[in-house]
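Accompanying notes for the structure given below.
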Amino acid sequence: MTELAAAKTALKTQAVETPSWAYGNSGTRFKVFAQAGVPRDPYEKLDDAAKVHEFTGVAPTVALHIPWDRVDDYAALAKHAEQRGVRLGAINSNTFQDDDYKLGSICHPDAVVRRKAVDHLLECVDIMDATGSRDLKLWFADGTNYPGQDDIRGRQDRLAEGLAEVYERLGEGQRMLLEYKFFEPAFYATDVPDWGTAYAHCLKLGPKAQVVVDTGHHAPGTNIEFIVATLLREGKLGGFDFNSRFYADDDLMVGAADPFQLFRIMYEVVRGGGFSPEVAFMLDQCHNIEAKIPAIIRSVMNVQEATAKALLVDGDALSAAQRAGDVLEANAVVMDAYNTDVRPLLREVREEMGLDPDPVAAYHRCGWAETIVAERVGGQQAGWGA
């Protein structure tokens, strides 16, 4: 198989999970901006997600967020997804929006609050059983704002204890993905601030615990591809939350701020054997001022473009240059792949998959945007509130 044919095959098997919350209203901490046609419940979110998969062909699963996507019958929700041509993906927990969590959730100094938080995580595993989901995704807003506010080591002990209880509840084939974030909302000491902390906890828990890398959760200048390469080397990279950042956790469209960084990350994924079902490619974005479905389609396409370029790196030429110590030639090999216009290749891939070569244009022609504006009138739109 030629290099080009191999790249096509890989691109056809790629899967990018879209987040249910990206279809709802969102904004900044100052204002949430409503849009006409936004889903009013998880069922309508799945309807929109199905359109993304229909036109991209590589977005077959949808992540849920509990309690934002809580329903009475999760089996029925899973069936609805299947009828629309998609499946339910990762279950994301929420231990940061209750007043009880002001001082933390599973790291809270009060055992009663910790019990509430762990019970919620166990509920999420119950939901996974009902939906057939593989991954439980955990992000904690836990931390402290002032020196002396709480015991740093004690909070790590509480974190380990809570994670261990949830880990023991996981069923066959289920995983725990632990996310990290270096600051926000805690400004002095965040309880899971970096990949090393997440890795240490996952390593102690066992093989069902993996680290998830959110590309917006790093300090400026952080070499994210190094983190990716290291976690892959250790067999502990469980997945990505893809988005873009200019300053902090901006949750902009993936590839919008630094497409070269996304390419470098995807090269390490390809190089390290992470282009597999064991590494989940998920979006974690909020579309505050742009139309949501076209933005998600564009985001999926951005991931595809970065992946295609990474697949086209001439590994033999790169290895030869590296062995020879030819710094400029090695860099040139990488830059040649990055500077390749892969859009014609991806158009070919889509046509071979029976898809329109231009997913965004195809979506605009289909009339779905006009349909949801006309039909989704009344009720409470999904989102963070105004």
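For this chain, numbers begin at 1 and follow the sequence in order.
- Judged by distance alone, with hydrogens and angles left aside, the side-chain atoms of Y167 form a donor-acceptor pair with the main-chain N or O of K208 at under 3.5 Å.
- There is no side-chain donor-acceptor pair under 3.5 Å between E54 and W368.
- Scanning all heavy atoms of the two residues, the minimum distance from A59 to V86 falls at O-CG1, 4.1 Å.
- Salt-bridge annotation for D126 and R169: present, with a side-chain N of the basic residue lying under 4.0 Å from a carboxylate O of the acidic one.
- Using modelled atom types and a 3.5 Å distance limit, the side chains of N243 and D284 yield no donor-acceptor pair.
- Between G143 and A186, the shortest heavy-atom distance links the atoms CA-CB, 3.5 Å.
- A donor-acceptor contact shorter than 3.5 Å links the side chain of N25 to the backbone of Q35.
- At least one donor-acceptor pair closer than 3.5 Å links the side chain of D110 to the backbone N or O of V112.
- Side chain of S20 to backbone of A63: a donor-acceptor contact under 3.5 angstrom is found.
- Taking hydrophobic clusters as Ile, Leu, Val, Met, Phe, Trp and Tyr residues chained together by side-chain heavy-atom distances below 4.5 Å, I224 does not share a cluster with Y267.
- L203 has its side chain out of reach of E234: every pair of non-hydrogen atoms, C-beta onward, lies at least 4.5 Å apart.
- Within the cation-pi definition used here (under 6.0 Å to the ring centroid, within 45° of the axis), K116 qualifies as a partner of Y101.
- Using a 4.0 Å cut-off between a side-chain N of Lys or Arg and a carboxylate O of Asp or Glu, D191 and R158 do not qualify as a salt bridge.
- Under the 3.5 Å distance criterion, with hydrogens and angles disregarded, no donor-acceptor pair is assigned to the side chains of E184 and H217.
- No more than 12 heavy atoms of other residues, nucleotides or ligands sit less than 6.0 Å from atom NZ of K102.
- Classification of the F187-F183 ring pair by plane angle, with boundaries at 30° and 60°, yields tilted.
- Minimum heavy-atom separation, E305 to V342: O-CG2, 3.8 Å.
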(request) Step by step, work out the side chain to side chain contact (heavy atoms under 4.5 Å, CB included) result for F55 and M301. (result) CA-CA 10 Å; F55 293 112; M301 294 171 66; over 6 Å; no

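- Judged purely by distance below 3.5 Å, without hydrogens or angles, the side chains of D129 and Q174 pair a donor atom with an acceptor atom.
- The number of heavy-atom neighbours closer than 6.0 Å to CD of E82, taken from other residues, nucleotides and ligands shown, is 12 or below.
- Checked by atom type and distance alone, the side chain of R114 pairs as donor or acceptor with a backbone atom of P109 at under 3.5 Å.
- Under a cutoff of 6.0 Å and an axis angle of 45°, K292 and Y23 do not form a cation-pi pair.
- F33 and H287 have their aromatic ring centers separated by at least 6.0 angstrom.
- Between S299 and N302, the side chains place no donor N or O within less than 3.5 Å of an acceptor N or O (distance only, hydrogens not considered).
- Contact annotation: the side chain of L318 never approaches that of D314 to less than 4.5 Å [non-hydrogen atoms, C-beta and beyond].
- Taking 4.5 Å as the limit, some side-chain heavy atom of L138 sits within range of a side-chain heavy atom of L163.
- Salt bridge R343/D341: present, at least one basic N to carboxylate O contact under 4.0 Å.
- Around the CD atom of E161, the shell of radius 6.0 Å holds no more than 12 heavy atoms that belong to other residues, nucleotides or ligands.
- The heavy-atom pair separating V373 from A36 by the smallest distance is CG2-O, 3.8 Å.
- Looking only at side-chain heavy atoms (C-beta outward), N223 and R264 stay at 4.5 Å or farther from each other.
- Between T215 and L262 there is no side-chain heavy-atom pair separated by less than 4.5 Å.
- For R70, the CZ atom is densely surrounded, since the number of other residues' heavy atoms within 6.0 Å is greater than 12.
- Taking the six-membered ring where tryptophan is involved, the planes of F242 and F240 are essentially parallel, since the angle between them stays under 30° and well short of 60°.
- The minimum heavy-atom distance linking D142 with C107 is given by the pair OD2-N, 3.0 Å.
- A salt bridge does not link E225 to R271: none of the charged side-chain nitrogens sits closer than 4.0 Å to a carboxylate oxygen.
- Between the K236 side chain and the A209 main chain, a donor and an acceptor come within less than 3.5 Å of each other.
- You'll find the side chain of F140 stays beyond 4.5 Å of the side chain of T190, heavy atoms only.
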(request) For F260 and M335, run side chain to side chain contact (heavy atoms under 4.5 Å, CB included): C-alpha distance rounded to whole Å, both residues' side-chain angles, the deciding distance at 0.1 Å, then the answer. (result) CA-CA 10 Å; F260 185 46; M335 294 308 299; 3.7 Å; yes

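- The closest donor-acceptor contact from the side chain of T18 to the backbone of A49 lies at 3.5 Å or more, if one exists at all.
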(request) Take L231 and Y199, measure what side chain to side chain contact (heavy atoms under 4.5 Å, CB included) needs, and give me the verdict at the end. (result) CA-CA 8 Å; L231 289 172; Y199 172 75; 4.0 Å; yes

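- Judged by distance alone, the side chain of D356 and the main-chain N or O of P359 form no donor-acceptor pair under 3.5 Å.
- Checking each of L64, L77, D69, V62 against K45 for a side chain to side chain contact (heavy atoms under 4.5 Å, CB included) leaves exactly one that passes, namely D69.
- We find that D48 and R376 are joined by a salt bridge, their nearest charged nitrogen and carboxylate oxygen being less than 4.0 Å apart.
- The existence of a salt bridge linking R245 and D249 is excluded, since no basic side-chain nitrogen approaches an acidic carboxylate oxygen closer than 4.0 Å.
- The backbone N or O of F96 sits less than 3.5 Å from a side-chain atom of N94, completing a donor-acceptor pair.
- Contact of the Q149 side chain with the L103 side chain is registered, since non-hydrogen atoms from C-beta on lie closer than 4.5 Å.
- Taking all atoms of both residues into account, the shortest heavy-atom contact from D73 to Y43 is O-OH, 3.9 Å.
- The aromatic rings of Y338 and F263 sit tilted, their planes meeting at an angle between 30° and 60°.
- Under the 4.5 Å side-chain criterion, counting only non-hydrogen atoms from C-beta, V118 is in contact with V166.
- In this model, a donor atom of one side chain and an acceptor atom of the other lie less than 3.5 Å apart for H80 and D47.
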